[in-house]
Amino acid sequence: MLRLLLFCRGQSARQATARAAPPLTLGVSPRMLPSTMVEESTEILAHERVTESYYLLTLRAPGIAPRVQPGQFAHLRIWSRPDALLRRPFSIYQARGDTISILYKVVGKGTAALARMQPGERLDALGPLGHGFALPSPDGPEPILVAGGYGMAALYLLAERSPRRGIVFVGGRRRTDILCEAEFRALGWEVRPATEDGSYGVRGLVTEPLQVELQRHAAHRKLYACGPTPMLRAVARLAEAFGLPAELSLDEHMCCGMGVCLTCVVPVRTDGGWEYQRACTEGPVFDARQVLWEIPA
Amino acid sequence: MNLSVQLGPLRLQNPVTVASGTFGYGVEYARLLDLNQLGAVTVKGICLRPVRGNPTPRTAEVTSGLLNAIGLQGPGVDGFIRQYWPFLRQLRVPTIINIWGTTIEEYAEVARRFDQLEGVGALELNVSCPNIKEGGAQFGTDCRLLARVVAACRKATRLPLITKLSPNVVSIVPYARAAEQEGSDALSIMNSYPAMAIDIETRRPRLANGVGGLTGPCIKPIAIKLVYDAARAVRIPIIGMGGIQSAEDAIEFLLAGATAVAVGTANFYAPRTALEVIEGLQRYMQRHGLTDVRDLIGRVDMPGAAGPAASENTCTPAESRMQQ
Ligand SMILES: Cc1cc2nc3c(=O)[nH]c(=O)nc-3n(C[C@H](O)[C@H](O)[C@H](O)COP(=O)(O)OP(=O)(O)OC[C@H]3O[C@@H](n4cnc5c(N)ncnc54)[C@H](O)[C@@H]3O)c2cc1C
Ligand SMILES: Cc1cc2nc3c(=O)[nH]c(=O)nc-3n(C[C@H](O)[C@H](O)[C@H](O)COP(=O)(O)O)c2cc1C
Ligand code: FES
């Protein structure tokens, strides 16, 4: 039995907008629960365009911010489109004091509506959600981060909180897809960019310089990756080829974000075979060795 | 102010529950709201064995609605009892267990298993399932099969039985009557409506399953009409559902003839909806000087209202393929 008092931690006036039910004795495994989530009405503190299609959104989220673990996400309700019902999931890029920020790309109706929101407006947020990255240990393997596009956002807190620095491989189609390079450098990480059109860094896919680096030296390293599925798959293949552990943050379509609708499932290897696990609850971060990229016949 | 209602033998402290498949097993929401304030907790559909469900994508957002083809993923009776029952049984409000099977025998077997479990509030029969063996038809859209399922479950358990009807029929009246005649204590109306969406760039359906069930605000007017039709045809109480997002939506269902309501898809984007419905319902009652929620049930003021047309009484099987 688990007594859920965790989320009462650090309660004060700032919790006024966060809603959480009274503690309950739950007769279930903690793994079945979205860990320390709250629902709160957040205020937009800042909202700026960082590149042609990326925006940086900063929210006052006192219930969520102190609880965030690297790799977790927030589920935002974008009210201005009532015909678009569902929340939208975004990795929590930074968490400072009582604020969180999100780095997002406009890709469709929800993100387009979000981009029009102004500081002072409110956004209902559920978070922090999901099972994030395990922090590298000071004497463990050297961390190598691999990011595609907004994958950098999912990896930032890991880079910030990791007791060890390492290399970040970041890829994109062109120069403007390479995000947060300066921020990662400022944390003391070595950043190696790659672009498909060669407009910045090495020309090619991000996994190409990664492979070269691993060929040079692979021992006692661990990969942490977030990006498009083909990239994650390539990272998983490299990890396997070099016998390295890897944690991957999978980008699945979501609906509830808290484990009830079973939209976001990923086929995962188990002792006896395989099962569907929820990217919003058991994930989005999975051990690369566990992920099945195709459903077994 | 009285908010309590009876679903046959089952008493609810207020008329608001949640729709099966949209609230997990309750425990997932325990951090966000006090489950003991609900009328009842209704859990995701359960059958005899664990079910993996459909490939992804399993849901797609459509205008003011949601398409889903989850494929009834679940832990099976034993998994449910082991993993979730210890939590659910300690709640002060009843748990309604949604069950399904691929054959009449399976339905009855699941009902029997839960009959032996201490503390179950009611069983809700989901009769719009895929993979049906009995004659290839669907329980929910074949009146005679529906009658046999309800009868078999009635024999298998003393628990209150709620039959959840499919909207995919020419008239809901014969289905409602068949369930009533075979001993169902209440009806749930409605399940999702068969629907489809296509990605025009890839030209592929937006669900891996091809087709799915439509839910959310866009189906509410359909559900209101179905509840209205059924309420005039049977004496057993009805749980109305389909697109409820607010107390106003819920009150519409009550006026159409529902005794209770269930919040479904809204739980996915606004997890506190069910509690807000309860609060809003009380405010509405105050504003209208009502002291008993039962005074709202079926009180729509229909011009020239009459009973259902005689032609609606015949069994009209329709085809459907819905998966949740
Ligand atoms: C765990 C997680 C973390 C994410 N973090 C970020 C981030 O930090 N920055 C960022 O820009 N984006 C992130 N995404 C992707 C982001 O959720 C989608 O870009 C967004 O939902 C698109 O919404 P839309 O209405 O603009 O697009 P539409 O295409 O109009 O959306 C239609 C539906 O598809 C879903 N959808 C569309 N694209 C995606 C996608 N790539 N992943 C998941 N669902 C999608 C939407 O949520 C919505 O339900 C993340 C996704 C997940 C699952
Ligand atoms: C993702 C999802 C899963 C569902 N699973 C079930 C189920 O297991 N059994 C069932 O009887 N109904 C299931 N339903 C149907 C709902 O219980 C409800 O009848 C329907 O969603 C209409 O209500 P709504 O519009 O408020 O969502 C499901 C609906 C959704 C959206
Ligand atoms: S998004 Fe609903 S279970 Fe993961």
Side-chain angles (χ1 to χ4, degrees), chain A residues 1-2 4 6-7 18-29 32-40 75-79 81-88 108-110 124 126 252-267 273-276 278-281 294-295, chain B residues 18 21-37 43-44 50-66 68 70-74 82-91 206 208 215-218 245 265-272 275 324:
Chain A
M1 289 259 183
L2 165 78
L4 288 173
L6 288 165
F7 59 86
R19 304 150 169 159
L24 260 171
T25 307
L26 307 180
V28 301
S29 135
M32 297 198 294
L33 290 168
S35 50
T36 54
M37 131 190 103
V38 295
E39 180 187 9
E40 69 182 338
H75 215 22
L76 303 184
R77 184 154 188 216
I78 304 161
W79 266 100
R81 282 296 295 250
D83 59 325
L85 293 176
L86 300 181
R87 289 170 184 265
R88 300 296 193 256
K109 53 186 177 299
D124 187 274
L126 267 178
E252 290 299 321
H253 277 236
M254 290 183 181
C255 178
C256 68
M258 45 185 279
V260 302
C261 73
L262 307 174
T263 289
C264 61
V265 296
V266 177
W274 69 279
E275 66 182 19
Y276 276 124
R278 300 161 298 182
C280 68
T281 310
E294 251 115 55
I295 296 168
Chain B
V18 286
T22 66
F23 209 69
Y25 304 93
V27 64
E28 298 89 341
Y29 280 90
R31 285 180 189 281
L32 295 180
L33 46 108
D34 179 1
L35 303 181
N36 284 321
Q37 290 182 29
V43 300
K44 172 82 183 155
V51 177
R52 267 204 188 111
N54 290 331
T56 57
R58 288 175 166 189
T59 61
E61 187 185 72
V62 295
T63 307
S64 297
L66 179 71
N68 90 82
I70 304 295
L72 291 162
Q73 180 177 336
R82 198 175 54 244
Q83 294 175 56
Y84 299 106
W85 190 243
F87 169 76
L88 288 164
R89 66 173 304 174
Q90 63 168 6
L91 294 180
R206 287 177 58 202
T215 66
C218 62
Q245 301 195 94
T265 303
N267 293 316
F268 296 152
Y269 52 89
R272 288 178 48 87
L275 295 188
Q324 282 140 351

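Among B:Pro271, B:Gly53, B:Gly216, the residue making the largest number of heavy-atom pairs under 4.5 Å with chain A is B:Pro271.
When all heavy atoms are compared, the tightest approach of A:Cys255 to B:Thr59 is CB-OG1, 4.1 Å. Residues B:Ser64 and A:Leu85 share a closest heavy-atom pair of C-CD1, 3.7 Å. Listed here is the closest heavy atom pair of B:Asn54 and A:Tyr276: O-OH, 3.6 Å.
In this structure, CD in A:Glu39 is found 9.0 Å from CG in B:Leu33, a value given to the nearest 0.5 Å. In this structure, B:Phe268 CZ and A:Arg87 CZ are separated by 12.5 Å, a value rounded to the nearest 0.5 Å. Here CG of B:Leu66 is found 8.0 Å from SG of A:Cys261. Values are rounded to the nearest 0.5 Å. With rounding to the nearest 0.5 angstrom, the NE2 atom of A:His75 is 12.5 Å from the OH atom of B:Tyr269.
Residues B:Leu32 and A:Met37 form a side-chain contact, since some pair of their non-hydrogen atoms from C-beta on lies under 4.5 Å apart. At least one side-chain heavy atom of A:Leu262 sits under 4.5 Å from a side-chain heavy atom of B:Arg58.
Heavy atoms closer than 4.5 Å to chain A are found nowhere in B:Pro57, neither backbone nor side chain. If you measure heavy-atom distances from A:Ile295 to chain B, the contacts under 4.5 Å come from the side chain alone. For a residue to count as touching a neighbouring chain, one of its non-hydrogen atoms must lie under 4.5 Å from one of that chain's; by this rule B:Thr63 touches chain A with backbone and side chain alike.
Under the rule for a side-chain contact (heavy atoms from CB on, under 4.5 Å), the partners of B:Ala270 that lie at least two apart in sequence or sit in another chain are A:Arg77, B:Thr273. In terms of the side chain to side chain donor-acceptor pair (under 3.5 Å) criterion, residue partners of A:Arg88 (sequence neighbours excluded) are, by chain and number, B:Glu61.
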